[in-house]
Amino acid sequence: MSSRAALPSAPPAPDRLVRVGCPAHNCGGRCLLIAHVRDGRITRLDTDDRPDTLAAPQLRACVRGRAYLQRQYHQDRLTQPLKRIGKRGAGKFAPISWDEALDLVASEMQRVKATYGPTALFVPYGTGSYNQLNGSHAARRLMNLFGGCLGIYNSYSWGAINIATPTVYGTLQTGNQRQDWLNSKYILMWGWNPAEMRDGTNSDYFIKLARERGARVVCIDPRHTLSAASLADEWIPIRPGTDTAMMSAMAYVMITERLVDAEFIRTHCVGFDGTQMPAGCDDAESYTDYVMGTRDGTPKTPEWAEAITTVPRDTIARIAREYAITKPAVLYQGYGMQRRAYGEQVVRAGCVLAAITGNVGISGGWASGLANQAPDAPFWTLFPAGDNPAKAAIPVFLWTEAVLRGKEMTSADGIIGVDRLTTDIKLIYSVASNILINQHANVARSARILQDESKVEFIVVQDQFLTPSARYADVILPACTQFETWGVEDGWKYGDEVILMPQVVEPLGETKSDYRICAEIAERLGIGDAYTEGRDERAWVEWCLDHYRATRFPELPTLDEFERSNIGVYAKPVTRPGVAFEAFRADPEAHPLSTPSGKIEIFSQQLHAMDRPDEIPAVPKYIEEWESPFGAEAATYPLQVMGHHTLHRVHSTHDNNDWLEEAFPQRVFINPIDATTRGIADGDPVKVFNDRGAMILPCRVTERILPGVIDIPQGAWWTPDEDGIDRRGNVNVLTSERWTPLAFGTAQHTAMAQVERA
Ligand SMILES: Nc1nc2c(c(=O)[nH]1)N[C@H]1C(S)=C(S)[C@@H](COP(=O)(O)OP(=O)(O)OC[C@H]3O[C@@H](n4cnc5c(=O)[nH]c(N)nc54)[C@H](O)[C@@H]3O)O[C@H]1N2
Ligand SMILES: Nc1nc2c(c(=O)[nH]1)N[C@H]1C(S)=C(S)[C@@H](COP(=O)(O)OP(=O)(O)OC[C@H]3O[C@@H](n4cnc5c(=O)[nH]c(N)nc54)[C@H](O)[C@@H]3O)O[C@H]1N2
Ligand code: SF4
Ligand SMILES: [Mo]
């Protein structure tokens with residue numbers, strides 16, 4: 001320095017530094033932030049500064065965590081309760097007092113329950129908060145204490161994989177701990193994009209380490225993802241929705257070239273071929289029958305699969321050989337390809353490849369399927385929502401059906417707990433959710449359904465922003481952010497961590513925590529004490545920590561110790577990574593699976609008994625999707641629509657974050673071949689449309705996407721103009737409400753559309 005600036009007379013007081021879990025939402029990660037606090041305001045967010053080891057790596061934040069202040073102090077934050085004054089959905093609201101708002105919500109809950117019964121009340125899926133005691137869990141506890149409501153099961157995330165995985169393995173806990181990937185020699189990232197879509201903090205880091213150790217990494221995805229670019233040795237583009245065809249052809253190569261692990265199949269599996277069919281199914285089609293085409297006359301050769309998938313036959317055969325021979329190997333299935341028509345098949349087919357190559361139950365191997373971590377799957381929710389006295393539950397994706405024709409729904413529509421519903425949904429209390437409009441399929445349809453006040457009579461939305469769903473509310477309750485209340489969270493699917501989320505600053509304006517809002521409604525319903533059990537938010541966090549300590553981590557610090565040390569996170573080091581199915585592998589008779597046969601069910605007797613072979617075959621099969629390039633619809637709508645999980649957002653959360661928009665502007669990605677034939681240049685505004693809706697947004701012309709496929713990153717806020725054309729680019733304008741046959745899961749990624757110059 002050549003000259004010295006004058007020092008200020010007194011140095012400013014240092015910022016208070018607080019280690020705090022990132023608000024995360026349902027982002028797929030769980031990371032640690034360091035909040036710099038000055039004068040009651042967070043001025044800066046850093047990330048994990050603890051020692052970094054393989055056994056307990058740092059939980060380093062992604063761009064969203066680091067850009068969080070743009071959300072925390074956004075000018076559009078809701079600060080007071082609002083009541084609708086225009087038509088429902090018109091987005092016109094007037095401020096009201098908390099007393100007025102909460103009295104209204106409590107009285108509507110009582111009215112609807114008295115008129116229609118408890119199952120007319122509904123809390124939709126909502127993943128905005130995974131802090132244990134915020135978000136929709138808080139509302140579920142309220143409803144359950146109030147006498148119950150219509151329940152939900154399954155998820156938007158993992159609809160098909162949740163149901164299909166246990167048909168093979170009898171469990172969802174099919175994943176080794178990730179440090180074990182370093183023992184792997186070959187890793188297939190199949191429709192899996194951990195560099196962009198967080199799937200456990202550090203999953204991409206462990207893949208990088210495995211590759212440094214010599215593992216070959218191959219990425220199979222219609223898009224040249226950030227994972228393909230930064231983690232893989234090879235990218236194989238594939239036509240969306242056709243992966244089961246490639247997997248079947250890989251099995252064909254393995255069977256004809258005798259590359260399968262015949263001994264493991266004999267001792268640990270059923271249904272591979274005619275010699276091991278379950279009793280009573282001796283004449284049914286085995287997996288080998290299907291692959292060789294002995295019954296249907298179509299051998300599932302690489303040539304056959306090339307025509308379906310666009311992957312060259314030689315590539316399919318080579319990947320089959322590499323995966324079967326280079327052991328131990330990982331075939332990691334992402335979830336995007338099971339959020340599709342017949343999503344169950346691709347899950348089962350991936351599991352079968354892992355099984356017939358003998359990669360199950362060994363270090364460096366991988367069983368595929370949902371892959372919750374062995375030995376300790378996460379808790380997900382710990383704060384006790386209690387039992388639902390109403391018993392009835394719908395598959396989560398079918399809520400619009402329960403609005404339109406709840407009374408007609410039976411087990412054929414996936415209803416559980418009762419034979420049939422006695423009422424349609426009449427009141428919706430939506431907390432930490434943008435499902436009502438933005439995140440459910442076919443936005444225009446949902447909007448039409450919700451606009452009709454004779455159907456759902458009362459809608460409450462509890463959020464931090466006036467989201468597209470909130471615009472359809474009758475009352476909006478403003479929730480504070482995670483930095484403004486107490487919380488705690490554990491790892492996503494992986495990770496032996498418990499992360500503290502202490503309150504860092506005061507709630508903005510009149511906002512309150514979800515817990516506090518629900519407690520105040522409970523008070524009005526005469527169940528206030530039952531709801532709180534005398535605890536505030538901090539006391540419930542202490543309760544959660546005590547529960548974790550009693551059930552999982554005896555060495556977990558107390559809340560006082562956490563606070564005194566400002567350590568922020570407890571991480572149990574993984575020194576000997578757990579391996580799923582280790583005991584079963586060693587002795588399948590002594591440690592049977594909880595499938596009907598006790599073995600890995602390549603052929604599922606349960607599915608066979610459903611007697612719907614065209615949609616729910618007993619062995620995994622490629623089934624042409626109901627909207628595809630092969631159907632008549634392709635003449636009008638020739639492009640397959642994808643909507644990947646982008647770094648910009650956590651679903652719709654952060655869509656209004658300017659920094660992230662600058663880094664990842666919302667665009668439709670299209671291949672130069674498709675752009676040129678339409679006279680479209682990079683950056684042009686284009687119209688994307690099908691029978692369900694239309695949008696206009698800028699395009700990105702790039703070879704990083706397969707011809708015939710477009711990608712509109714999911715989660716943008718639906719912003720219709722006066723003609724109903726979305727101007728922001730919400731992919732659900734184009735998606736269909738049709739569900740998968742077995743799981744009643746979302747098939748939002750199966751959709752066709754057309755693009756033209758705007
Ligand atoms: N950045 C970010 N990360 C997230 C989230 C987020 O919103 N943003 N959300 C989290 C949540 S809740 C979830 S459930 C998970 C979701 O995780 P996923 O469902 O796995 O994420 P997607 O991006 O939908 O899909 C993953 C990849 O699959 C590819 N793909 C789609 N269809 C096909 C297909 O038919 N075949 C093949 N081979 N590939 C296909 C996509 O191009 C994409 O690269 O992500 C979590 N992580
Ligand atoms: N086309 C298509 N659609 C999809 C998907 C896809 O891949 N493609 N993915 C699906 C998947 S996997 C999922 S998980 C769903 C996610 O769908 P949602 O669960 O609806 O998740 P978000 O869109 O993030 O909406 C969460 C809302 O919670 C609010 N919020 C955040 N924190 C808090 C809080 O502490 N309290 C309250 N009250 N509100 C809060 C946010 O502002 C936001 O509006 O979307 C599904 N929709
Ligand atoms: S991955 Fe999730 S928890 Fe981690 S910094 Fe990003 S948004 Fe936060
Ligand atoms: Mo999800």
Side-chain angles (χ1 to χ4, degrees), residues 21-33 47 59-66 68 71 124-129 131 134-136 138 155-158 190-194 196-199 201 219-223 225-228 236 238-243 246 333-340 346 430-436 438-441 461-465 467-470 477-482 485 487 489 492 513-514 517 640-655 705 711-715 730-732 734-735 746 748-751:
C22 173
H25 310 291
N26 188 22
C27 68
R30 298 290 183 261
C31 309
L32 192 67
L33 298 172
T47 190
L59 303 173
R60 290 184 291 271
C62 78
V63 285
R64 293 163 296 174
R66 291 169 198 240
Y68 206 92
R71 181 170 196 276
Y125 187 73
T127 66
S129 174
N131 154 13
N134 254 330
S136 46
S155 70
Y156 277 70
S157 314
W158 298 339
W190 205 311
W192 188 48
N193 182 18
E196 201 167 347
M197 154 275 182
R198 280 262 162 140
D199 190 16
T201 299
C219 175
I220 304 179
D221 199 302
R223 303 182 308 117
T225 58
L226 291 187
S227 302
I236 300 175
I238 187 166
R239 181 179 273 148
T242 65
D243 302 83
M246 175 158 167
Q333 307 179 295
Y335 321 111
M337 60 189 179
Q338 54 89 56
R339 237 176 276 113
R340 306 191 66 99
V346 75
S430 172
V431 179
S433 169
N434 206 353
I435 285 291
L436 294 184
N438 218 72
Q439 296 304 110
H440 187 65
V461 169
Q462 191 161 306
D463 205 300
Q464 296 150 343
F465 290 96
T467 63
S469 295
L477 304 177
C480 69
T481 67
Q482 185 54 60
T485 183
E489 60 187 3
W492 156 257
S513 74
D514 292 318
I517 298 170
Q640 287 183 285
V641 181
M642 312 189 58
H644 84 282
H645 287 224
T646 163
L647 270 174
H648 181 320
R649 289 179 288 267
V650 183
H651 310 289
S652 69
T653 305
H654 284 294
D655 189 44
I705 187 162
D711 175 48
I712 302 160
Q714 69 102 16
N730 180 322
V731 69
N732 283 319
L734 306 168
T735 59
T746 163
Q748 272 155 295
H749 291 172
T750 293

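Ligands are counted one by one from 1 in listed order, and the atoms in each one are counted from 1 as well. Side chains included, hydrogens not; waters and symmetry mates left out as well; all remaining heavy atoms used. Just so you know, residue 1 is the first one in the sequence shown, and it goes up from there.
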**Study point:** Proximal atoms of ligand 2 relative to Arg71 (non-hydrogen, under 4.0 Å)
**Key:** 31 (C), 41 (C), 42 (O)

Point to revise | Asn438 and Ser469 side chains, donor-acceptor separation under 3.5 Å | key: no

Review point. Of the choices His651, Met197, His644, which has the non-hydrogen atom that lies closest to atom 21 (O) of ligand 1?
Key: Met197

Point to revise | Side chain, backbone, both or neither: His440 near ligand 2, heavy atoms under 4.0 Å | key: neither

Review point. Among protein heavy atoms, which lies nearest atom 5 (C) of ligand 2, and at what distance?
Key: Gln714 OE1, 3.3 Å

Check your understanding: Would Gly126 count as a contact of ligand 2 if the rule is a heavy atom under 4.0 Å away?
Key -> yes

Review point. Any idea which of Gly336, Pro222, Pro713 brings a heavy atom closest to atom 39 (N) of ligand 1?
Key: Pro222

Review point. Quick one: nearest non-hydrogen protein atom to atom 36 (N) of ligand 2, plus distance?
Key: Asp514 OD2, 2.7 Å

Exercise for review: Would you check whether Thr467 has a nitrogen or oxygen atom less than 3.5 angstrom from a nitrogen or oxygen atom of ligand 2?
Suggested key: no

Exercise for review: Looking only at protein heavy atoms, identify the closest one to atom 22 (P) of ligand 2 and say how far it is in Å.
Suggested key: Ser652 OG, 3.5 Å

Review point. Which is it for Glu196 and ligand 1 at heavy atoms under 4.0 Å: side chain, backbone, both or neither?
Key: backbone

Study note, to complete from the structure: Heavy-atom proximity to atom 40 (C) of ligand 2 ranks first, among His25, Gln464, Arg339, for Gln464

Review point. Given Gly28, Cys27, Ser155, which one has a non-hydrogen atom that is nearest to atom 4 (C) of ligand 1?
Key: Cys27

Exercise for review: Check for a donor-acceptor pair, side chain of Thr646 on one end and backbone N or O of Pro713 on the other, with a separation under 3.5 Å.
Suggested key: no

Point to revise | Atoms in ligand 1 with a heavy atom of Leu647 nearer than 4.0 Å | key: 1 (N)

**Study point:** His651 and Tyr156 aromatic centres sub-6.0 Å
**Key:** no

Review point. For ligand 1, which part of Asn26 has a heavy atom less than 4.0 Å away: the side chain, the backbone, both, or neither?
Key: both

Review point. Is it true that Asn732 lies under 4.0 Å from ligand 2, counting heavy atoms only?
Key: yes

Review point. Identify the closest protein heavy atom to atom 47 (N) of ligand 1: which residue and atom is it, and at what distance?
Key: Arg198 O, 2.7 Å

Practice item. Measure the distance from atom 24 (O) of ligand 2 to every protein heavy atom, then report the residue, atom name and distance (to 0.1 Å) of the closest one. Key: Thr653 OG1, 2.7 Å

**Study point:** Sequence-distant partners of Arg239, side-chain contact (heavy atoms from CB on, under 4.5 Å), two or more places apart
**Key:** Thr242, Thr310, Pro629, Phe630, Gln640, Leu706

Exercise for review: Number the atoms of ligand 2 from 1 as they appear, then name those within less than 4.0 Å of a heavy atom of Val731, with their elements.
Suggested key: 1 (N)

Point to revise | Close N or O approach (Arg649, ligand 1; < 3.5 Å) | key: yes

Exercise for review: Mind checking whether Asn434 contacts ligand 2 via backbone (N, CA, C, O), side chain (CB onward), both or neither, at a 4.0 Å heavy-atom cut-off?
Suggested key: both

Review point. Does the N or O separation between Asp199 and ligand 1 drop below 3.5 Å for any pair?
Key: no

Review point. For ligand 1, which atoms have a heavy atom of Thr646 less than 4.0 angstrom away?
Key: 1 (N), 2 (C), 8 (N)

Exercise for review: Kindly confirm or rule out an N or O of Gly241 lying under 3.5 angstrom from an N or O of ligand 1.
Suggested key: yes

Exercise for review: Specify side chain, backbone, both or neither for Gln439, according to which of its non-hydrogen atoms lie closer than 4.0 Å to ligand 2.
Suggested key: both

**Study point:** Heavy-atom pair of closest approach, residues Glu489 and Ala24
**Key:** OE1-CB, 3.9 Å

Review point. Would you say Ser136's side chain and Gly126's backbone share a donor-acceptor pair under 3.5 angstrom?
Key: yes

Point to revise | Part of Arg223 within contact of ligand 1 (heavy atoms, under 4.0 Å) | key: side chain

Check your understanding: Which ligand 1 atoms, with their elements, are less than 4.0 angstrom from a heavy-atom of Arg340?
Key -> 32 (N), 35 (O)

Practice item. Identify the protein heavy atom lying closest to atom 42 (O) of ligand 2, giving its residue, its atom name and the separation to 0.1 Å. Key: Asp463 OD1, 2.7 Å

Review point. Of Gln439, His440, Gln748, which meets side-chain hydrogen bond (donor to acceptor under 3.5 Å, both in side chains) against Asn732?
Key: Gln748

Review point. What protein heavy atom is closest to atom 2 (C) of ligand 1, reported as residue, atom name and distance in Å?
Key: Arg64 NH1, 3.1 Å

Practice item. Determine, using heavy atoms of Gly715 and all atoms of ligand 2, whether some pair is separated by less than 4.0 Å. Key: no

**Study point:** Nitrogen or oxygen of Val431 less than 3.5 angstrom from that of ligand 2
**Key:** no

Study note, to complete from the structure: Looking at Gln748, Gln462, His749, the heavy atom closest to atom 3 (N) of ligand 2 belongs to Gln748

**Study point:** is_close_aromatic(Tyr335, His749), centroid dist under 6.0 Å
**Key:** no

Study note, to complete from the structure: At a cut-off of 2.8 Å, protein N/O/S around atom 8 (Fe) of ligand 3 gives Cys22 SG

Review point. Can you check whether Thr127 has an N/O within less than 3.5 Å of an N/O in ligand 2?
Key: yes

Practice item. Would you check whether Thr225 has a nitrogen or oxygen atom less than 3.5 angstrom from a nitrogen or oxygen atom of ligand 1? Key: no

Check your understanding: What atoms of ligand 1 come within less than 4.0 Å of a heavy atom belonging to Asp243?
Key -> 34 (C), 35 (O), 36 (N), 37 (C), 38 (N)

Review point. Within the structure, does Gly128 bring an N/O atom to less than 3.5 angstrom of an N/O atom in ligand 2?
Key: yes

**Study point:** Pair Tyr125, Ser430: side-chain N/O donor-acceptor within cut-off below 3.5 Å
**Key:** no

Review point. What is the nearest protein non-hydrogen atom to atom 9 (N) of ligand 2, stated with its residue, atom name and distance?
Key: His645 NE2, 3.5 Å

Check your understanding: With only distance considered, is Gly191 within less than 3.5 Å of ligand 1 through an N or O on each side?
Key -> yes

Study note, to complete from the structure: protein heavy-atom neighbour closest to atom 33 (C) of ligand 1 works out as Met337 CB, 3.7 Å

Review point. Out of Ile705, Asp221, Leu226, whose heavy atom sits nearest atom 41 (C) of ligand 1?
Key: Asp221

Revision key, fill the gap. Short version for Ser157: what comes under 4.0 Å of ligand 2, heavy atoms counted, is both

Practice item. Compare Tyr335, Tyr125, Tyr156, Trp158 and give the one whose heavy atom is closest to atom 10 (C) of ligand 2. Key: Tyr156

Check your understanding: Any chance the side chains of Asn134 and Ser129 put a donor and an acceptor closer than 3.5 Å?
Key -> no

Practice item. Say whether Gln338 and ligand 1 are in contact under the criterion: heavy-atom distance to a ligand atom below 4.0 Å. Key: no

Point to revise | Side chain, backbone, both or neither: the part of Ile435 lying under 4.0 Å from ligand 2 by heavy atom | key: both

Review point. Side chain or backbone of Val346 under 4.0 Å from ligand 1, or both, or neither, by non-hydrogen atoms?
Key: neither

